[in-house]
Each structure stands twice: as structure tokens, then as C-alpha cells.
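Notes for the one structure printed next.
The sequence lines fix the lettering, A, B, ..., with proteins before strands; numbering per chain opens at 1.
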Protein chains: 2
Amino acid sequence: MEQLPSWLLTQTAAFAGRLVSEGFASTGGRGYHYRVLTSLHVDGPTSQAGLGRRTGIFPSDMVATLNELQALGFTMRSVDKSDKRRYLISITPAGVERAEELSAAAEKIQDALLAPLDDDERHQLTALLGKLYAHHRQGFPPLPMT
Amino acid sequence: MEQLPSWLLTQTAAFAGRLVSEGFASTGGRGYHYRVLTSLHVDGPTSQAGLGRRTGIFPSDMVATLNELQALGFTMRSVDKSDKRRYLISITPAGVERAEELSAAAEKIQDALLAPLDDDERHQLTALLGKLYAHHRQGFPPLPMT
DNA sequence: CCCCGAACGTTAGTCGCACTAACGTTAGTT
DNA sequence: AACTAACGTTAGTGCGACTAACGTTCGGGG
């Protein structure tokens, strides 16, 4: 059982999840915050739905996440007057700062996670996971990442 | 962000988790059932605590899981009269059958998950994940897997 | 021998993430 | 003008991981 890739993947992911949670939680954040702030920081403002497509977060969860981030002063909702259905979500200076904190935390997490692997192996792993990720992402969510 | 190993790992794990959930759910089971039944089938009867150590399931969750499996007729609790604190958990014939069903489901899941990888890559991946798993398992839970 | 700490099973509850269903509003399309 | 699709929102579900507390039982040391 312990050599089944799905077992290894989910178990390793469990450890990874633990590390990620701890890492982010120690700075008072969580995965969704990291994903959203980083996406806004790197790829710029967009609608909530667009953000959801970028980050793989469901619209319903997006609402809650943005409520939190907004309450913390990290993001802003402004009406898109060319389309009254949507908000334009943008990141504040404080949000950028936070995004960088969380990125730093993410890097530390990498190190802890990949500790037993040398550089070669790390590249192998990222390549393989990238392949899996790319494959399974196909045909899955609403693709247009506006 | 998309080349961060932790991002890839957690995202890939998300897909894996989806496939696993779907795969098991389609047969009316879940991950905990698979873990527990397989452990009992492969490594024989033990106490609840022992089972928890084998499978990485918390005692509190073990209780619920065994209640379910017992209600379904897949496992049995018998008193360990040499130690009145514990139950001896064993698997029933129906449970063995179920374990095999779930194992078959797990294999199908493997195929779906690893579809984009050739044999070589699959071995690489298992090796790398195994390394990570082995490393992070150290110093984590109560080790004696009685 | 008794006491105390550890292990066992159990109940209850929390958290993060993923996901579904339904609703009102607004934009396009036909 | 009517219909469909997209948007944001509310509410609720499921699974896995985890914490806290409690009563019972076992084992070892004073």
C-alpha cells in the first residue's frame, strides 16, 4: 500500500498540507489568502470570478476570502461600471506587503518540505508534478482566466 | 507561483484527492475505509490505537470509522481480555471482500492519476515521493505500530 | 499495597479546503 | 422583448486532520 503513488501522493500531500498550514498560520494567514494576494500582486486586478479561475477557488469561497482580506485592509472591491455585475478587485499597498510576507513563508515551507531532496531531485519532482498538474487541469474548470 | 513545488504538490494533490474521492465514492466508500480495511487485511488484527498508528488516523476519527465499518459488517470489535482497555479489531469475510473492492478502485485511480506519465516517470515519482514521505514521517506520530 | 502516570477508547467540537444548490441581478444574443 | 449566460452571494455539505476533555484500565515505583 505504501508504494501506491496515490497513497504516497496523498500522504505526502498531507505532510505538505501540514507544513503549509503551520507555515501560513504562524503568520496568521492561510492558503486562500496566499493564493489570492499573490495572484493579484503578480497578474493584476480582475473580477472575483476571474480571480477564482486564476486560483482555483470557488466563487462561494472567493466571497468569504475577499471579505476577510478586505476586512484586513489587503484588498479592495470597486464597481466595474462597464459591467454592473462585477467588482474589480485590487490589492492595497498593505496587501502587497502581506503578499510578500506570505511568499517568504511559502519559500521557507519549500525548504522544509524538500529537505531530503538534492537539487536534481527537486527539479525532477517539479517536472513530474508539473506534468500531472498540466494534464489534470485540462478540461476541468472554466478556462478563460480573465 | 505555479512552479513552486509546494504549489504543485498541493494542487496536484487536490486533483488526486478529487480522483480518490470520486473513485471511492463511486463504490460508496471513503479514504478512511480503504486505509483501515487494507491495514487489517494486510497486517492483521490489532487494537484501535494500533490501527490508528498504522494508518495515520486519529483515535477520535478511528472510533467513527470503526463504527461505520462495523455497522456495515466489515469489521468486528472483540474484547482483549488480557487488557480490558482495548478492543481487538478484526476484519470479517465481507470486509475482506470490501477491502479488495476498494483496492481495485485505488488501482483505477492510479491509472487515471498517472495517465500522462510513462513507466520511467512513474517510478521516479514514487521514488521521490517515497523519500519525502519517509523523511517527514520521522519524529511525527507515535512510532510503535503495534 | 497503593498511587500515579500512561495508554485506551470515546464524545464533542474546530479548522481548512473543496464543492453543490439556489437566488437575484445584470449583460449579451437572437 | 425574451432567453440565456455570467456575476456575486448565501447557505450548507463532505472529507480529512486535529484538539480537548473524560472515565476506565494497566503497570511500575515508592
Side-chain angles (χ1 to χ4, degrees), chain A residues 7 9-25 28-36 46-53 55-68 70 77-89 136 140-144 146, chain B residues 7 9-25 28-36 46-53 55-68 70 77-89 136 140-144 146:
Chain A
W7 168 268
L9 188 61
T10 54
Q11 290 303 300
T12 309
F15 286 117
R18 239 189 304 266
L19 288 173
V20 168
S21 289
E22 285 172 14
F24 285 147
R30 356 197 233 92
Y32 278 14
H33 291 184
Y34 169 64
R35 291 202 223 169
V36 168
T46 183
S47 66
Q48 290 191 194
L51 252 186
R53 283 184 287 261
T55 56
I57 296 176
F58 271 66
S60 48
D61 298 317
M62 199 68 237
V63 174
T65 305
L66 286 179
N67 287 344
E68 292 170 19
Q70 190 165 328
R77 274 183 250 239
S78 50
V79 271
D80 180 339
K81 44 189 167 185
S82 75
D83 187 340
K84 290 177 192 166
R85 287 173 306 180
R86 33 183 118 175
Y87 290 126
L88 230 204
I89 311 297
H136 289 290
F140 199 70
L143 296 146
T146 314
Chain B
W7 168 267
L9 189 61
T10 54
Q11 290 302 302
T12 309
F15 286 116
R18 238 188 304 266
L19 289 173
V20 168
S21 289
E22 286 171 16
F24 285 149
R30 338 192 249 98
Y32 278 12
H33 291 185
Y34 170 62
R35 292 201 223 168
V36 167
T46 182
S47 67
Q48 291 191 193
L51 252 186
R53 283 184 289 261
T55 56
I57 296 176
F58 271 65
S60 47
D61 299 317
M62 198 68 235
V63 175
T65 304
L66 286 179
N67 286 345
E68 293 170 18
Q70 189 165 329
R77 274 181 251 240
S78 51
V79 271
D80 181 339
K81 46 190 167 184
S82 74
D83 186 341
K84 290 176 194 166
R85 287 172 305 177
R86 31 182 122 177
Y87 289 127
L88 231 203
I89 312 297
H136 290 291
F140 199 71
L143 296 147
T146 316

5'-most contact on DNA chain C: A/Pro59 or B/Pro59, nearest heavy atom basis? B/Pro59
Side chain of B/Ala49 (C-beta onward), nearest among C/dT10, D/dG8, C/dC8: C/dC8
Do the side chain of B/Ser78 and the main chain of B/Leu88 share a donor and acceptor less than 3.5 angstrom apart? yes
Take atom CE of B/Met62 and atom C1' of C/dA12, then tell me their distance rounded to the nearest Å. 18 Å
Residue met sooner reading DNA chain D from 5', once A/Tyr87 and A/Asp61 are mapped to nucleotides: A/Tyr87
Distance (rounded to the nearest 0.5 Å) between B/Tyr32 OH and B/Phe24 CZ: 13.0 Å
B/Arg85 has its side chain closest, among D/dT10, D/dC26, D/dT9, to D/dC26
C/dT14 C1' sits how many Å from A/Arg30 CZ, rounded? 13 Å
Among the candidates D/dC26, C/dC17, C/dT26, find the nucleotide nearest to the side-chain atoms of A/Asp83. C/dT26
What is the distance, to the nearest angstrom, from the NZ atom on A/Lys81 to the P atom on C/dT26? 17 Å
What's the closest nucleotide to the side chain of A/Gln48 if the choices are D/dG8, C/dG9, D/dG16? D/dG8
Among D/dG8, C/dT20, C/dG9, which is the nearest nucleotide to the side chain of A/Ser47? D/dG8
Take the protein atom NZ of B/Lys84 and the nucleotide atom P of C/dA6, then report the distance between them rounded to whole Å. 23 Å
Quick one: is C/dC8 close enough that its OP1 or OP2 comes under 4.0 Å of any side-chain N or O from B/Arg53? yes
Is any side-chain heavy atom of B/Ile89 less than 4.5 Å from a side-chain heavy atom of B/Leu66? yes
Euclidean distance, atom CG of residue B/Leu19 to atom P of C/dA18 [Å, nearest integer]: 14 Å
Distance check needed: D/dT24 C1' versus B/Asp80 CG, whole Å only. 15 Å
Using a 4.0 Å heavy-atom cut-off across all strands, classify A/Tyr32 as base, sugar-phosphate, or nothing. base
Nearest-Å distance for atom pair CD1/P, residues A/Ile57 and C/dC17: 8 Å
Regarding the side chain of B/Ser60, the nearest nucleotide among D/dT10, C/dT11, D/dG16 is C/dT11
Can you tell me if A/Arg86 touches the phosphate of D/dT9, counting only side-chain N or O atoms and a distance under 4.0 Å to OP1 or OP2? no
If you look at every strand shown and take non-hydrogen atoms under 4.0 Å, does B/Gly56 touch a base, only sugar-phosphate, or nothing? nothing
Side chain of B/Val63 only, please: which of C/dT10, C/dC17, D/dG8 is the nearest? C/dT10
Taking side chain as C-beta onward, heavy atoms only, is A/Gln48 less than 4.5 Å from A/Arg86? no
Less than 4.5 Å apart, any side-chain heavy atom of A/Gln70 and any of A/Thr65? no
Measure from CZ on A/Phe58 to P on C/dA22 and round the result to the nearest Å. 16 Å
Are B/Arg53 and B/Thr46 side-chain neighbours, meaning at least one heavy-atom pair lies under 4.5 Å? no
